[in-house]
Amino acid sequence: MKLIRTLMAAATALAVTAFVAPTFAADDPGPAAYAQALKGKRVMLVPMAMGFDLAQGWTHFLKKEVEAWGGTFETRDPNWVVDAGAQAITDAISSDTRPDVLIIHSPDLNSYAKLMKKAQAAGTYVILVDNPANFPADAFVGSDWDWLGPLAA
């Protein structure tokens, strides 16, 4: 009997939530604020290379989201060559169509640090993806590598 009451209470809560949630969603100012803030923005991804699943996954989902909010997304493929990545970042910074956001999948801790600082000084937000760097980026999206080692142990 107690199990049936618990199930009935859960079903009632689920039903109420299903009818109330759309009302809350309609009043949420978040989506409109994001759309306004991101409309027309340029976002560029410089991965280590485009020829592997991780970079292709990041590219797919970033492109989907940026374009959904009215922005422009592009990539530069250095194809595992650090100098080519540095050149892509340099070109992006000095371009007339400088990106508003530069997302970098850095190959190591130091290779692009000076260029990322230069990008920030030019007014471009710098986001590091997957790999941290010796640079205070605007954001880091990825694993906590310092914690994963002890966690695995």
Side-chain angles (χ1 to χ4, degrees), residues 10 13-14 17-153:
L14 183 61
T17 303
F19 289 108
V20 175
T23 305
F24 291 130
D27 297 334
D28 183 6
Y34 285 125
Q36 183 64 28
L38 297 175
K39 185 175 184 177
K41 299 295 187 215
R42 301 183 69 78
V43 178
M44 179 184 289
L45 171 66
V46 180
M48 289 190 288
M50 283 300 297
F52 70 113
D53 294 345
L54 183 61
Q56 290 173 3
W58 278 112
T59 299
H60 170 78
F61 288 105
L62 286 167
K63 178 178 173 63
K64 180 179 172 183
E65 288 299 314
V66 168
E67 290 179 352
W69 294 109
T72 304
F73 180 78
E74 56 189 297
T75 61
R76 295 291 184 268
D77 183 5
N79 198 26
W80 302 107
V81 179
V82 174
D83 290 342
Q87 186 62 50
I89 295 168
T90 301
D91 291 346
I93 296 167
S94 61
S95 171
D96 290 338
T97 57
R98 181 176 48 85
D100 298 291
V101 180
L102 190 56
I103 302 172
I104 299 174
H105 189 197
S106 185
D108 57 46
L109 294 172
N110 295 314
S111 293
Y112 302 146
K114 288 181 183 177
L115 292 172
M116 291 185 282
K117 183 176 181 179
K118 188 175 177 182
Q120 276 185 337
T124 298
Y125 291 101
V126 176
I127 298 174
L128 294 172
V129 66
D130 276 334
N131 298 335
N134 288 333
F135 171 76
D138 294 297
F140 171 73
V141 180
S143 297
D144 181 351
W145 297 109
D146 292 331
W147 176 237
L148 284 178
L151 191 62

A.B. asks: At their closest point, which heavy atom of F135 faces which heavy atom of Q120, and how far apart are they?
C.D. replies: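 Taking every non-hydrogen atom into account, CZ-OE1, 3.2 Å.
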A.B. asks: Carefully, step by step, assess L128 and Y112 under the rule side-chain contact (heavy atoms from CB on, under 4.5 Å).
C.D. replies: CA-CA 11 Å; L128 294 172; Y112 302 146; over 6 Å; no
A.B. asks: Check whether any side-chain N or O of D138 sits under 3.5 Å from a backbone N or O of V126 as a donor-acceptor pair, and report yes or no.
C.D. replies: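 At least one qualifying donor-acceptor pair exists.
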A.B. asks: For residues N131 and W145, is any side-chain donor paired with an opposing acceptor at under 3.5 Å?
C.D. replies: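 Short answer, no.
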A.B. asks: Within this structure, what is the CD-NZ distance for the pair E67 and K64, rounded to the nearest 0.5 Å?
C.D. replies: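 Reported to 0.5 Å precision, the distance equals 11.5 Å.
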A.B. asks: As a quick check of understanding, evaluate side-chain contact (heavy atoms from CB on, under 4.5 Å) for T97 and R42, giving each step before the final call.
C.D. replies: CA-CA 8 Å; T97 57; R42 301 183 69 78; 3.7 Å; yes
A.B. asks: Are I93 and I89 close enough that some pair of their side-chain heavy atoms sits under 4.5 Å apart?
C.D. replies: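 Heavy-atom side-chain distance check passes, below 4.5 Å.
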A.B. asks: Working to the nearest 0.5 Å, report the span between OG of S94 and NZ of K118.
C.D. replies: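 Between S94 OG and K118 NZ, I get 7.0 Å after rounding to 0.5 Å.
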A.B. asks: Looking at side-chain heavy atoms only, is the closest gap between I127 and I104 below 4.5 Å?
C.D. replies: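 Side-chain contact under 4.5 Å: no.
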A.B. asks: Run the ring-centre check on F52 versus W80 and record whether the distance is less than 6.0 Å.
C.D. replies: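 Between W80 and F52, which both carry aromatic rings, the centre distance is below 6.0 Å.
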A.B. asks: Just wondering, do E65 and W69 contact through their side chains at under 4.5 Å, heavy atoms?
C.D. replies: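 Result yes, sub-4.5 Å side-chain heavy-atom pair found.
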A.B. asks: Should V101 and M44 count as side-chain neighbours, where that means a heavy-atom distance under 4.5 Å?
C.D. replies: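 A side-chain contact under 4.5 Å is absent here.
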A.B. asks: Take T124 and R98 through the test side-chain contact (heavy atoms from CB on, under 4.5 Å) and record every step on the way to the result.
C.D. replies: CA-CA 8 Å; T124 298; R98 181 176 48 85; 2.8 Å; yes
A.B. asks: Can you confirm whether I103 sits close enough to Y125 that some side-chain heavy atom of one is under 4.5 Å from a side-chain heavy atom of the other?
C.D. replies: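 I103 does not reach Y125 side chain to side chain.
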A.B. asks: Quick one, V66 and L38 - any side-chain contact, counting heavy atoms below 4.5 Å?
C.D. replies: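 When only atoms from C-beta onward are counted, L38 and V66 do not touch, as no gap falls below 4.5 Å.
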A.B. asks: Report yes or no: does N79 contribute a side-chain atom to a donor-acceptor pair with the main-chain N or O of A49 at less than 3.5 Å?
C.D. replies: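 No, the answer is negative, given that no donor and acceptor are paired below the 3.5 Å cut-off.
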A.B. asks: Assess whether atom CG of D53 is packed by more than 12 heavy atoms of other residues, nucleotides or ligands within 6.0 Å.
C.D. replies: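 Open: at most 12 neighbouring heavy atoms sit under 6.0 Å from CG of D53.
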A.B. asks: Starting from the C-alpha separation in whole Å, work towards a yes-or-no answer on side-chain contact (heavy atoms from CB on, under 4.5 Å) for L45 and V43.
C.D. replies: CA-CA 7 Å; L45 171 66; V43 178; over 6 Å; no
A.B. asks: Does CD belonging to Q56 count more than 12 external heavy atoms closer than 6.0 Å?
C.D. replies: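 Enclosed.
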A.B. asks: Does R76 come within less than 4.0 Å of E74, counting only side-chain N to carboxylate O?
C.D. replies: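 E74 and R76: salt-bridged.
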A.B. asks: Does a donor on one side chain sit under 3.5 Å from an acceptor on the other, for D83 and Q87?
C.D. replies: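 The criterion, which ignores hydrogens and geometry beyond distance, is not satisfied for Q87 and D83.
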A.B. asks: In terms of heavy-atom contacts, does CZ of F140 have more than 12 from other residues, nucleotides or ligands at under 6.0 Å?
C.D. replies: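 Correct, the count exceeds 12.
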A.B. asks: For P78 and M48, work out which heavy atoms get closest and say how close.
C.D. replies: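 Where P78 meets M48 most closely, the heavy atoms are CG-O, 3.5 Å.
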